[in-house]
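Just below is one structure, and these are the notes that go with it.
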Amino acid sequence: MTVTLDIQQPQPFDLVGSKIMIAGNAAAFEGTLSIRVSEGHDEYSSFTTVGALGLRQFRDLLISRTPTVSS
């Protein structure tokens, strides 16, 4: 089965912070969608459940594990 994916959030060129909400519709093998986000040197990964036989809405919150410096 091929993965069918429609990411609705974030859109290209959206600004994100240490928390990234990823949402959309998807269907994947055994209903598991692996998520990997990279911006060059930091990489975040997670997984979420989606439809196995048809499209299903999903959302997942990725949180940066690198400490932030506040001034």
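Computed from a predicted model, the values in this text were never measured in an experiment.
- With sequence neighbours excluded, the residues satisfying side-chain contact (heavy atoms from CB on, under 4.5 Å) with Leu61 are Lys19, Met21, Ile63.
- Counting all heavy atoms, side chain and backbone alike, Val50 lies closest to Thr32 at CG2-N, 4.3 Å.
- Within the structure, every pair that satisfies the side-chain hydrogen bond (donor to acceptor under 3.5 Å, both in side chains) test and touches residues 5-16, not counting sequence neighbours, is listed here: Asp6-Gln8.
- With sequence neighbours excluded, the residues that form a side-chain hydrogen bond (donor to acceptor under 3.5 Å, both in side chains) with Asp60 are Ser46.
- Of all heavy-atom pairs between Gly54 and Ala27, the closest is O-CB, 3.6 Å.
- Once rounded to the nearest 0.5 Å, the distance linking CZ of Arg56 with OG1 of Thr49 reads 4.0 Å.
- Smallest separation of non-hydrogen atoms from Leu33 and Ala26: CD2-CB, 4.2 Å.
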- Can Phe58 and Ile22 be said to form a side-chain contact (heavy atoms from CB on, under 4.5 Å), step by step? CA-CA 8 Å; Phe58 72 91; Ile22 298 178; 3.9 Å; yes
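- One hydrophobic cluster, built from ILVMFWY side chains closer than 4.5 Å, cannot hold both Phe47 and Leu55; they sit in different ones.
- Linking ILVMFWY residues whenever their side-chain heavy atoms come closer than 4.5 Å, directly or via other members, places Ile35 and Val16 in the same cluster.
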